[in-house]
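Okay, structure first, notes after.
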Amino acid sequence: MTTQARRTADTAGLGRRRFLQAGAGFGALTLTGGLAGRALAQTPALDMWWWGEQELPGLQAYLDKAIAAFDLAQITPMLQDTAVVISQFQTAAAAGNPPDIQYLWNGIYHMESVWLGYLAALSDVMDPGILAASNHGPLSRFDGKVWRMGWYPLPMPWYFNKDLFDRAGLNADAPPATWDGLLAACEALKTAGIEPFGGGVQDGYWAEWYLTHALSQNLDTVGDAVNLFIGDLDFREPRYHQHWVKLAELRDAGFLNKDMASLELYPGIDLCVNGQLGICSSIGTRLPADAITTNGRIGCMTLPVFGVGALAGRPVVDMQGLGISAGSGAPDIAARFLEFLNAPAQLASFWEATGWIPAASGFDDSVISDPSVRDLWTRWGKGNNITNITNLMPGQFYEQAAIPTGQNIITAGMSGEEAGELAARVAQEWRDFNPDLVETYRTWAAELSAG
Amino acid sequence: MRRNSPLVPYLFVLPLAGLLTFVFGLSLVRLVGFSFKQVRGIDGPWIGLRNYELVLGQPLFWEAVRHNIQLFLVIPVMVVIALALALLLYERLPGWRIHRTILFLPYVLAIPIIAVVMKQMFQFSGPVNTVLSALSLDFLVLDWIGSADVALWTVMGLILWRETALGVILFLSRLMALDETLIEAARLDGAGWRHRAWYILIPQMRGVIEFFAVISAITMLSAVFAYVYVIGGGRGGPGTATMVIELYIFNALIRTSLPGVAAAVSVMLFLVSLILIRALFALRRREEE
């Protein structure tokens, strides 16, 4: 019998009883499926837009596990491109279709969305104790509320290569702490045939990081940085462009690596790790890998002090975070998820997947076994740190002054005074272009200065 | 309506015209509208010509304009080189097929790929300077992408290398379409390569040369973003040495949250491009007459 013939015979043999049984079975299946579907439909669906895999490999794996373990909602994550983290969110929020949970960089990078009304105040929806323990930092506060949860910290040390210090006859256990000490160390390194100081400024980030460490040395409060942009303080005053004068001093002394202008940030850091550069600016998330590469011969220090401000010499720690859209349909569930990420088991899972430290105080840091990382975490993460003041810069100032000044000093012979002039002019332009934001910034500065 | 009515052809193109108006026309209207507003998010209050005033009063904008104008210097060089190469290929010198492929290759590759490779090549400690040093040409060892004095010239070199290929393609295809009997007659009359090129071939290529020059001008004005983005570290650097109008617009829109300003500059760029396109049509008309 052929297959076709068998099929015809079977169909013909389907009696009324079998037909009713099959119909009942089908109905039961439909009912069950419908109930299950309804149950699934009742589980809220949240969207989460995030970034960070680029600077913290393993974050995606961690997040996938966390989402799978969270049973109050179905969360759909979407990894964003660096260039559109802010604009994509703001456009979606303005169009009334934002994600429920959004990755947020520090300071102005999320505060602008607060002012536009796109973010919900986390202090209204999250457990206050958990939110405070997330170490969101001062730049997440505005109008007496907290708008962002801390997710993972970014200590910002200066690396020095201990082997090169040894070769130059310097004490690798006592890196320079003062500017004169730095100049002396650079001279010793140069004499030993080692390029002393620098990295890569071609993509601009080195200029930003230099400002982070150096401008803050002549500030008394974080709010002073905002006062420079709104015009209450002036970059043309020597105190507020001394950091650029000091950079020009390093250039004129021949202490900067000769290919600094054509190298990007991370290849510049690699020079120090690979033993070709004495001192460079870096980021803590690199340290676990760099410590292994150098067998622990990378040391961390703060930028040696030249300034007289209250913030001088203090370690810098930036903080990445998460927030909830004002347009979220389920802000309470989103808040539960953020709280869930701060549970001790999740913090341990974060460390396991990324090899890096989560922000929350509930993390058991006794698991950090590498002495270099432990030292960094003790002195930066748990020390008397300050936030990254470049996170207070309006985008226009960042693009048209913060980065060009550093690059022009290094590559085009610009003086520190000229850099101060340029910065003052761009700050004025920002005020002209954004008259509606100046008063909001002034309010923010007052809150930041008041602590 | 009668089939021979003068309106019939317009009815045929009406659907496409409607579609184009919908896709481009509405965007353009919205863009112009934005340029008169202080946009926050996706809309904002009307501020008249303020965005234009701010942009035209900003030194950075004029620096970007100067850089775009400097890029125009590439055009005559590009035309001459493309013309010379096309004429040589047309002569079918030995190995001309492989040379043609090599010349076309840069145009086939995506600009970011080329720019990234070139950026590696032209780093201060990169292969170009290493070779120059090895050849004892140390006076030519420059910080090609790191020096504010040199970076834009490096971008121009890269544009020249890639965009010349388009000229070669256009010129060669025009040459291939010429009537060979005239050229053969000149050859029999004893005209050498130089004379054939100057008196017979180039005069017949005038239209395509003008077309390439105008297209290149539009490119220099509004299609060099990928070059400067990669070579200038994504920011028109070092400093503002490679800032061009397109990057200015990108920064205003994406990095400084000023969509109104970005729209104002886009409108100005659009108008200048329109003038160039009008010039192209005028040239074509003159050619046809």
Side-chain angles (χ1 to χ4, degrees), chain A residues 82-84 86-88 90-96 108 112-113 115-118 200-205 207 257-265 267 271 276 394-401 403-414 422 425-426 429-430 432-437, chain B residues 38-45 47 50-51 53-55 57-61 63 119-126 128-129 141-151 154 229-241 243 247-248 250-261:
Chain A
T82 310
V84 297
I86 298 169
S87 59
Q88 192 176 29
Q90 289 190 347
T91 307
I108 189 60
E112 200 179 45
S113 295
W115 299 337
L116 288 166
Y118 297 157
V201 77
Q202 210 267 336
D203 52 4
Y205 297 110
N257 54 304
K258 63 181 182 306
D259 52 356
M260 187 173 185
S262 69
L263 279 182
E264 293 180 352
L265 180 74
L271 288 180
Q276 297 166 275
Q396 191 170 340
F397 185 88
Y398 180 91
E399 289 296 329
Q400 297 172 13
I403 287 175
T405 46
Q407 289 183 325
N408 281 332
I409 288 170
I410 292 162
T411 71
M414 181 182 260
L422 175 64
R425 194 191 77 210
V426 172
E429 285 174 358
W430 172 74
D432 293 340
F433 277 68
N434 302 274
D436 56 325
L437 291 183
Chain B
Q38 186 175 55
V39 181
R40 296 286 177 209
I42 56 172
D43 209 350
I47 54 168
R50 183 65 178 149
N51 284 330
E53 280 174 32
L54 289 167
V55 167
Q58 195 188 30
L60 181 64
F61 171 74
E63 191 180 355
K119 192 173 170 181
Q120 298 292 326
M121 301 267 294
F122 282 97
Q123 274 181 358
F124 189 73
S125 306
V128 171
N129 280 347
V141 172
L142 300 171
D143 201 347
W144 301 97
I145 57 172
S147 163
D149 296 329
V150 181
T154 306
Y229 191 85
V230 177
I231 298 290
R235 303 182 186 282
T240 48
M243 175 63 69
L247 194 56
Y248 183 98
F250 175 81
N251 279 348
L253 183 65
I254 302 293
R255 290 173 169 161
T256 65
S257 301
L258 292 167
V261 168

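Below, all heavy atoms of this structure are taken into account, side chains as well, without hydrogens, waters or symmetry copies. Chain letters run A, B, ... following the sequence lines, proteins first and then strands; every chain starts at 1.
Of the listed residues B:P259, B:P238, B:A148, the one with more heavy-atom pairs under 4.5 angstrom with chain A than any other is B:P238. Put simply, of A:V84, A:I86, A:T91, A:I403, the one with the most heavy-atom pairs under 4.5 Å next to chain B is A:I403. When each of B:P45, B:G234, B:P59, B:G232 is checked for heavy-atom pairs under 4.5 Å with chain A, B:P59 comes out on top. When each of B:N51, B:D43, B:I145, B:L54 is checked for heavy-atom pairs under 4.5 Å with chain A, B:L54 comes out on top.
With a 4.5 angstrom heavy-atom cutoff, A:S87 touches chain B only via side-chain atoms. Heavy atoms of B:I231 lying under 4.5 Å from chain A belong exclusively to its backbone. B:L258 touches chain A through its side chain: at least one heavy atom from C-beta onward sits under 4.5 Å away, while N, CA, C and O do not. With a threshold of 4.5 angstrom between heavy atoms, A:Q202 approaches chain B through its backbone and through its side chain. Using a 4.5 Å cut-off between heavy atoms, A:F397 makes no contact with chain B at all. If you measure heavy-atom distances from A:Q396 to chain B, the contacts under 4.5 Å come from both the backbone and the side chain.
B:Y229 does not carry B:R235 over the face of its six-membered ring by the limits of under 6.0 Å from the centre and within 45° of the normal.
Here the CE-CG distance, from B:M243 to B:L60, works out to 5.0 Å after rounding to the nearest 0.5 Å.
Residues A:E399 and B:Y248 form no side-chain contact, since every pair of their non-hydrogen atoms from C-beta on lies 4.5 Å or further apart. In this structure the side chain of A:E112 never reaches within 4.5 angstrom of the side chain of A:Y118, judged on heavy atoms.
The side chain to side chain contact (heavy atoms under 4.5 Å, CB included) check on B:D149 picks up B:S147, with sequence neighbours excluded. Taking the side chain to side chain contact (heavy atoms under 4.5 Å, CB included) definition, one finds that A:T405 meets it with A:W244, A:A419, A:L422, sequence neighbours left out.
Using a cut-off of 4.0 Å between Lys/Arg side-chain N and Asp/Glu carboxylate O, B:D143 and A:K258 are scored as not salt-bridged.
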